[in-house]
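Below is one structure; the comments refer to it alone.
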Amino acid sequence: MRYWLMKTEPTSYSIDDLAREGATSWTGVRNYQARNFMRDDMKVGDGVLFYHSSCPEPGIVGLAEVSDAAHPDPTQFDARSKYFDPASRPDAPRWVNVEIKLVRRTRLLPLEELRAYPELAAMPLLQRGNRLSITPVTAAEWRFLQKKLK
DNA sequence: GCCAACGTTGGC
DNA sequence: GCCAACGTTGGC
């Protein structure tokens, strides 16, 4: 059982969308490090911090969990998709996605507040220049955040 | 394999 | 809109 933080721009997919749908396919990831986390490490039942980025109030807005393991991302083969990858072949898919489902909404826990807790200082999200959309969360960070999100 | 150029991310 | 940071691309 591991824990993760997943970033999304709410203008493209928000906690409201997840609340309405209940679950979603995490398609469109086109970064090898993030793909490798999904492919190699993310298991059904893993905990997910759902984070809004590139918006007026960046921060954690919900808790989710992995509801299905990685499988080939269909958008890579769809020529009309913005995530189309002409170099990827169906017999050797380059990109995968997991599924996540909502556990519950939380209050907005702003980036600014995350930065203020020494207990969270090692989170990749908070490191300068970090852009990775999926990052691991330690068990200690997860427990700490559960209390802050009660 | 190096590395400059370019594109993207994301907070501010 | 700015810009720092980083990943990817492609010529050599």
Side-chain angles (χ1 to χ4, degrees), chain A residues 2-21 23-42 46-66 69-138 140-142 144-149:
Chain A
R2 297 187 63 179
Y3 307 99
W4 307 92
L5 183 141
M6 298 173 83
K7 286 196 284 196
T8 177
E9 299 187 15
T11 52
S12 91
Y13 194 86
S14 73
I15 191 70
D16 291 336
D17 296 317
L18 185 61
R20 190 175 57 249
E21 298 179 346
T24 192
S25 299
W26 208 253
T27 56
V29 171
R30 295 295 179 269
N31 169 281
Y32 288 103
Q33 222 180 325
R35 178 205 66 180
N36 293 347
F37 283 139
M38 288 198 284
R39 187 190 61 189
D40 304 332
D41 300 315
M42 296 178 83
D46 281 5
V48 173
L49 303 167
F50 195 91
Y51 179 92
H52 279 176
S53 67
S54 286
C55 59
E57 292 184 302
I60 295 167
V61 292
L63 298 173
E65 69 177 49
V66 177
H71 50 76
D73 178 344
T75 64
Q76 70 196 303
F77 304 122
D78 178 358
R80 294 159 307 175
S81 168
K82 68 184 277 200
Y83 301 115
F84 179 58
D85 181 354
S88 184
R89 303 171 42 76
D91 57 346
R94 179 174 297 184
W95 306 110
V96 301
N97 69 275
V98 297
E99 315 276 327
I100 64 168
K101 68 180 182 188
L102 183 70
V103 172
R104 66 177 174 90
R105 289 172 176 273
T106 63
R107 70 176 175 97
L108 170 71
L109 200 171
L111 177 59
E112 185 180 30
E113 183 181 342
L114 293 172
R115 288 197 190 286
Y117 296 126
E119 292 89 341
L120 303 179
M123 289 183 77
L125 175 76
L126 305 180
Q127 308 313 306
R128 117 188 236 102
N130 171 70
R131 300 185 309 176
L132 200 54
S133 64
I134 300 175
T135 49
V137 174
T138 68
E141 290 160 351
W142 178 266
F144 181 82
L145 283 163
Q146 296 304 304
K147 292 177 195 160
K148 300 298 177 186
L149 292 169

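- Between the side chains of A:Ser53 and A:Arg131, not a single donor N or O lies within less than 3.5 Å of an accepting N or O.
- With respect to A:Asp41 and A:Arg2, a salt bridge is recorded, a charged nitrogen being found less than 4.0 Å from a carboxylate O.
- Stem analysis of DNA chain B (at least three stacked-register Watson-Crick or G-U pairs, each with both distances under 3.5 Å) gives B:1-12 with C:1-12.
- As rounded to whole Å, 8 Å separates atom P of C:dC6 from atom CZ of A:Arg128.
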Its contact letters, B for base, S for sugar-phosphate only and - for none at protein heavy atoms under 4.0 Å, make nucleotides 7-12 of chain B read BBBBSS
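- Applying the 6.0 Å contact sphere to CD of A:Glu57 captures no more than 12 heavy atoms from other residues, nucleotides or ligands.
- The distance between the ring centers of A:Trp95 and A:Tyr32 falls below 6.0 angstrom.
- Between A:Tyr3 and A:Trp142, the ring planes lie parallel to each other; the angle is under 30°, not in the 30° to 60° tilted range.
- Minimum heavy-atom separation, A:Pro74 to A:Asn97: CD-OD1, 3.7 Å.
- Between the A:Thr8 side chain and the A:Tyr13 main chain, a donor and an acceptor come within less than 3.5 Å of each other.
- Side chain of A:Asp17 to backbone of A:Ser14: a donor-acceptor contact under 3.5 angstrom is found.
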